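See below for the structure under consideration.
Note that these values count all heavy atoms, side chains included, but never hydrogens, waters or copies made by symmetry. This is a predicted model, so every value here is computed, not measured.
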Amino acid sequence: MSLSSASNIAKSGLNTVSAESSVLSRNITGASDTATYSRKIANVISTLDGSRVASVTRASNLAVFGNLLGATSASATQNAISDGLDTLNQTVGDVSSSGSSTTSNSTSPAALLSNFTNALQSYEASPSSSTLAAAAVSAAAAAARGLNSAVATVNQVREQADSGIAASVQTINSLLGQFQTVNAQIVGGSATGGDVTDLQDSRDSILTKLAQQIGITTTTGSNGDMSIYTDSGVTLFQGGAARSVTFSPTNTYTAATSGNAVFADGIPITGNSAAMPVATGKIAGLASLRDSLAVTYQAQLDGIAGALINAFSETDQAAPGPDLPGLFTTQGATSLPTSTTGLAGQITVNPSVDPSQGGNALLLRDGGISDTANSDYTYNTTGDASYTARLSQLLAKLSATQTYSASGGIITSANLSDYAAASVSWLEAQRSDVSSQSNYQSTLLSTAATALSNATGVNINDEMSKMLDLENSYSATAKLLTTIDGMFSMLMTDLGNLPA
């Protein structure tokens with residue numbers, strides 16, 4: 001080997017060590033960024049002139065990263081549902097369980113119904129007391145207001161979920177736009193052999209943020225181009241172009257309101273019309289809360305309201321006339337409701353029996369609440385102050401078994417007290433289940449993040465060991481160059497001493 005060749009090899013060695021040191025420096029700098037940065041690897045090859053860094057790649061593990069995306073989406077789903085259920089829980093207050101029964105404080109419909117039943121029993125014991133009559137009507141009004149308030153909370157939860165979906169869609173479109181830019185840079189850089197590892201880190205970071213909003217899967221082409229699909233298979237990004245995700249928010253919700261679907265690439269991914277509904281991510285959680293859980297709870301409240309109106313309806317005592325709303329009714333009602341939908345938000349105490357509205361509370365004992373001008377619906381026709389038959393009948397109806405819509409998702413045959421208690425139990429069970437799932441998914445997410453960090457993150461001890469190796473290589477190469485330089489000097493000296 002000539003001195004010239006040896007010199008070139010030594011110089012290439014120095015250049016290689018310098019390039020490796022640069023990559024090592026990047027790793028040490030990025031070590032603290034455990035969420036985004038992945039370890040970079042300088043790939044060294046041998047050449048005729050020594051060696052060189054042929055490329056820079058990054059540590060990756062597609063399977064573990066896929067697990068991280070899945071855990072991120074699943075955790076976001078449970079968190080979105082949990083927040084909504086916490087708000088719904090305000091309608092029942094603190095809940096305590098004893099054996100198979102669940103009770104709550106005085107804010108729940110079940111507790112308000114219990115208060116009303118107690119007041120009605122007290123009035124039955126002293127039917128001539130106008131004070132007890134007024135107390136029973138007041139308790140009835142409190143129960144009606146409790147249902148009204150609970151429905152307002154349900155609508156609030158649905159409206160907030162709808163607003164959250166709109167914000168999530170906006171975030172998804174923004175992230176897909178960012179992804180399109182970075183993905184194009186990766187494809188272009190890969191085609192020219194450039195270092196695109198930092199861009200790949202940025203792309204993964206965008207995917208992680210996207211997974212929080214919507215469950216996703218990805219595929220990567222040989223040129224580095226990536227495609228994104230929802231976890232149900234609908235295209236979000238393909239061929240270098242982001243697909244549009246659209247949603248029309250609904251500002252005000254009632255019991256009859258159905259929320260709009262979210263569309264991805266023109267295909268519905270939420271709601272009953274979705275053939276390919278998204279299963280995880282914040283959007284999935286909010287859609288479940290808005291379209292399922294809150295609606296089911298609304299149906300339970302409506303069932304309670306409908307049962308109250310029916311239990312306290314008045315029957316024509318003189319002829320086979322229609323039953324009419326009695327103590328409980330809805331504004332302007334002239335007949336019993338044919339559907340329970342929306343009743344919990346409309347139920348009120350009939351003004352004719354409510355002293356606070358100028359009514360006569362004693363009608364609770366005597367009947368004729370439905371139409372004070374029509375004596376056919378009067379039960380106490382003699383005006384007996386000790387008359388208790390109607391009050392006993394109302395208490396019997398209150399404890400009688402009634403049927404409820406299956407849309408409530410709980411028992412369909414029970415007395416009002418048991419049905420209301422079952423509603424509280426259902427809500428608490430949903431919260432408990434979601435809380436357990438949320439904790440489980442958080443654990444999975446933490447485990448996946450740790451596994452990814454172990455597989456692709458920077459280990460400072462390894463980098464410092466690598467640094468010592470590079471320092472030794474640099475010293476050895478520098479010493480070789482010094483030796484070669486000395487040999488060149490000796491050669492030139494000897495050549496200068498040759499006779500002319």
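- Side chain to side chain, Glu314 and Ser370 meet the donor-acceptor criterion of an N or O pair below 3.5 Å.
- Ion pair Asp195/Lys40 not flagged as a salt bridge, since none of the NZ, NE, NH1 or NH2 atoms sits closer than 4.0 Å to an Asp/Glu carboxylate oxygen.
- Between Val56 and Thr197 the shortest heavy-atom distance is O-CG2, 3.4 Å.
- The CD atom of Gln121 lies 5.5 Å from the CG atom of Leu395; values are rounded to the nearest 0.5 Å.
- Ion pair Asp462/Arg39 not flagged as a salt bridge, since none of the NZ, NE, NH1 or NH2 atoms sits closer than 4.0 Å to an Asp/Glu carboxylate oxygen.
- Note on ring orientation: taking the six-membered ring where Trp is involved, the planes of Phe116 and Phe328 are perpendicular (angle over 60°, cut-offs 30° and 60°).
- Taking 4.5 Å as the limit, every side-chain heavy atom of Thr218 sits out of range of all side-chain heavy atoms of Ser227.
- Taking the six-membered ring for Trp and thresholds of 30 and 60 degrees, Phe237 and Phe179 have ring planes more than 60 degrees apart, a perpendicular arrangement.
- In terms of heavy-atom proximity, Gln212 sits nearest to Thr72 at CG-CG2, 3.3 Å.
- For the residue pair Asp302/Gln298, the side-chain donor-acceptor check at 3.5 Å is satisfied.
- A donor-acceptor contact closer than 3.5 angstrom is absent between the side chains of Asp291 and Ser258.
- Taking 4.5 Å as the limit, some side-chain heavy atom of Ile228 sits within range of a side-chain heavy atom of Leu176.
- Nearest heavy-atom pair across Tyr419 and Ala299 is OH-O, 4.4 Å.
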